[in-house]
There are 2 protein chains.
Amino acid sequence: MAARRTPSTRATINDVAARAGVSRGTVSRVLNSEVYVSEAARTAVEAAIHEVGYVRNAAARNLVTRRSQAVGLIVHEPHSLFLEDPNIGSILLGINSALSEADYQLVSLVIDSDRDIARVAEYLTGGFVDGVVIISARAGDPIGHVIAESGIPAAFVGHPIDIEGIPYVGIDNRSAARAITERLMATGRRRIGMIAAGLDRDSGQDRLAGFTEALGDRFDAELVVEVPLYSYGSGVDGMRVLLETRPDLDGVFAASDALAAGALDVLREAGRSVPADVGLVGFDDSAWAVRTQPPLSTVHQPAGALGRRAAELVLAQLRGEDVGLGGTFLDTAIVWRASA
Amino acid sequence: MAARRTPSTRATINDVAARAGVSRGTVSRVLNSEVYVSEAARTAVEAAIHEVGYVRNAAARNLVTRRSQAVGLIVHEPHSLFLEDPNIGSILLGINSALSEADYQLVSLVIDSDRDIARVAEYLTGGFVDGVVIISARAGDPIGHVIAESGIPAAFVGHPIDIEGIPYVGIDNRSAARAITERLMATGRRRIGMIAAGLDRDSGQDRLAGFTEALGDRFDAELVVEVPLYSYGSGVDGMRVLLETRPDLDGVFAASDALAAGALDVLREAGRSVPADVGLVGFDDSAWAVRTQPPLSTVHQPAGALGRRAAELVLAQLRGEDVGLGGTFLDTAIVWRASA
DNA sequence: TTGTATGCGTTATCAT
DNA sequence: ATGATAACGCATACAA
């Protein structure tokens, strides 16, 4: 068992070297498992490390190597969404898994106030991380610009409208939205509404565009309601408005499953049966989709794969590879359940 | 606008000093907003900083100050739970808010594999963080022991059974469980079952103990089913077993809202009306509780406050205060809705 | 109020 | 294969 040490006296390489009867250089070589070390030296050093309870000082190491072996994940969400968004967890796990394999530490930084913005910016530019993945950034996001200017290897999951010069990975929201809307139309619905959200990101705009495209001539602007968040509560609000302005609707495309869940409860309250009276479809294929009654027909989003891919984009840059600046788009699939 | 710099040539204090025509010491003093700096020097330095695009090197700074102004949050959860647990988000925001006010950066580290354990342990002991909050640690958790031995300022949210020497904050699970069970009994239920989970933490054990206590003589071990996770899926499984072994039950206490949601769907499938045939109560007062039909009667858990308090415990230690080793318990409240 | 000099704990370069 | 020694970029004690 390592000797109990007070926090004020941490063992250094010097201590280990003295104990093992070798030089600092040799200890360092053992630590970094370099080639030219004798078996005798190695075992002596390893024993000494254990005896003095040595742990490497990251700051000193980072200072000279100019690397931290860490990659940041920026999550910038309004409270409510962060708590509810079921994709974030999967994306995070996907990122972590890719980084872990490459022996990088993922550190997540949440931005929840203006104070946070400044502090996180310093953290990133200060060298605590070698790269960064940004998730769900919105238009006008200051952190995105800080990162773009700093030149630190980065990748977005999703693509904020106003930032260029950073590669991103996402899905083809427009095609997916068009596809599920067409599927909904194929069930015979004639007056289909949409609850649109997140119009400050291209994902939100594209879902609306796909919806519009699918409807073609039959598109009716009155049947579209805009809400601020991809949340259950916004779904409730949106559906109420829709039902008010167009009580004759017989189909709804909600821009997320959470919105659809909210809409579903409002429809139920209003005495509309789903899918008999109104066909309802969502987006994300999140945990929501299988918990509603009836379960939601929706678009499956490969959240874990999105995260993994973004992490790989950062890792590639860290290796000095040129990854280009365009977007990478992963496939979605329609999952048809009972809500339409 | 700052001059565009290649990543290979970052400006240092020397560059700023040269530009401003002062010494490194003065620049450093400006950077740390110390008292004895002339107005002239300050403005000159600030201009120079901007002109050369200087950003502080965190590694160098940490090396000499022996502090990082960062606090880690360890989240160690099986995949499914991490994605579903609605409390984690609130706890995280509570922690972040407290740390942010004290100008500390919260960095979240998720443990999702054995590789992660070793890497995170190195990250923590290496000095990347000054303190750490551990959430939902389980018995036998290696990270908990690493932290305990390292002597790094720490606090648990919840309390793993086998770790001493680290302060923790939680709720009185036993009293809360007893209270809601008694409330359920007061509705006239005679054969109340429990879906218990997380028995490798004291929270899980205490909820079971509270349930047992409330029932007193009427306790029947056959009416308790143990499931591994606090998840919807486990709720489904648990309720199936319960319905199989004791089809005559008329009340259920699920150890979490997610479990209750799963149980509710099974009851519905089985043709049991809630609350008419079976009274159902949950635990957590999470988002689940208000989304089920009917909404759940449950125990409100002050998740945000728990996180904030844990962060404050770490901050106090960072200030050199003695916070003791005991637990801090925050109040819960019963929220009675329509499921019982 | 400011400048100078030293050291933080590593890695890396050079001898040997 | 190993040992000395010089950075890395900053804060700080001390001198001025």
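Nothing here was measured: the structure is a model prediction, and the numbers come from that model. A, B, ... follow the sequence lines: proteins, then strands. Residue 1 opens every chain.
- For the pair R42(A) CZ and dT2(D) C1', the computed distance is 13 Å after rounding to whole Å.
- Following rounding to the nearest Å, L31(A) (CG) and dG9(C) (P) show an atom-to-atom distance of 15 Å.
- Atoms CG (L63(B)) and P (dT12(D)) sit 12 Å apart, rounded to a whole Å.
- Counting non-hydrogen atoms under 4.0 angstrom, R29(A) reaches a base of the nucleic acid.
- Here the nucleotide nearest the side chain of Y36(B), chosen from dT2(D), dT2(C), dA11(D), is dT2(C).
- Counting only heavy atoms from C-beta on, I13(A) has its side chain closest to dT10(C) among dT10(C), dC8(D), dT13(C).
- Considering D114(B), D112(B), D116(B) as possible partners of S100(A), the one that fulfils the side-chain hydrogen bond (donor to acceptor under 3.5 Å, both in side chains) test is D116(B).
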*Begin with the C-alpha distance, continue with both residues' side-chain angles, and end with the deciding distance and a verdict on side-chain contact (heavy atoms from CB on, under 4.5 Å) for Y54(A) and V27(A).*
CA-CA 11 Å; Y54(A) 170 78; V27(A) 175; 5.7 Å; no
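- Contact annotation: N32(A) reaches the phosphate of dT11(C) (side-chain N/O to OP1 or OP2, under 4.0 Å).
- Nearer the 5' end of DNA chain C, as judged by each residue's closest nucleotide, is the contact made by T26(B), out of T26(B) and T65(A).
- In this structure, D130(B) has no salt bridge (Lys or Arg N to Asp or Glu O under 4.0 Å) partners at least two apart in sequence or on a different chain.
- Taking the side chain as every heavy atom from C-beta outward, R308(A) and E101(A) approach each other to under 4.5 Å.
- Closest to the side chain of A60(B), from the set dC10(D), dC8(C), dG3(C), is dC10(D).
- Going from atom CG of D15(A) over to atom C1' of dT10(C) covers 14 Å, rounded to whole Å.
- Distance N62(A) CG to dC8(C) P: 18 Å, rounded to the nearest Å.
- Listed candidates were dG9(D), dA11(D), dT2(C). Nearest to the side chain of S38(B) is dT2(C).
- One N or O on the side chain of Q69(A) and one on the backbone of D103(A) form a donor-acceptor pair closer than 3.5 Å.
- Residue A41(A) has its side chain nearest to dT2(D) when only dC10(D), dT2(D), dT10(C) are considered.
- When rounded to the nearest whole Å, the span between CD of E39(B) and P of dT1(C) equals 11 Å.
- As judged by a 4.0 angstrom heavy-atom cut-off over every strand, V37(A) is placed among residues touching the sugar-phosphate backbone only.
- When the nucleotides dT10(C), dG3(C), dG9(D) are ranked by their closest atom to the side chain of S23(B), dG3(C) comes out on top.
- Side-chain atoms of Y54(A) lie closest to dT10(C) of the nucleotides dC10(D), dT10(C), dT2(D).
- When the options T26(B), I49(B), V45(B) are evaluated for a side-chain contact (heavy atoms from CB on, under 4.5 Å) with L31(B), the one that passes is I49(B).
- Each of dG3(C), dG9(D), dT10(C) was ranked by its minimum atom distance to the side chain of R24(A); first place goes to dT10(C).
- Put simply, the side chain of R66(B) and the base of dG9(C) share no donor and acceptor less than 3.5 Å apart.
- Within 4.0 Å of N14(B), counting heavy atoms only, lies no atom of the nucleic acid at all.
- Distance CG (N57(B)) to P (dG9(D)): 7 Å, rounded to an integer number of Å.
- Taking only side-chain atoms of E34(A), from C-beta outward, the nucleotide of dA12(C), dG9(D), dT11(C) with the closest atom is dA12(C).
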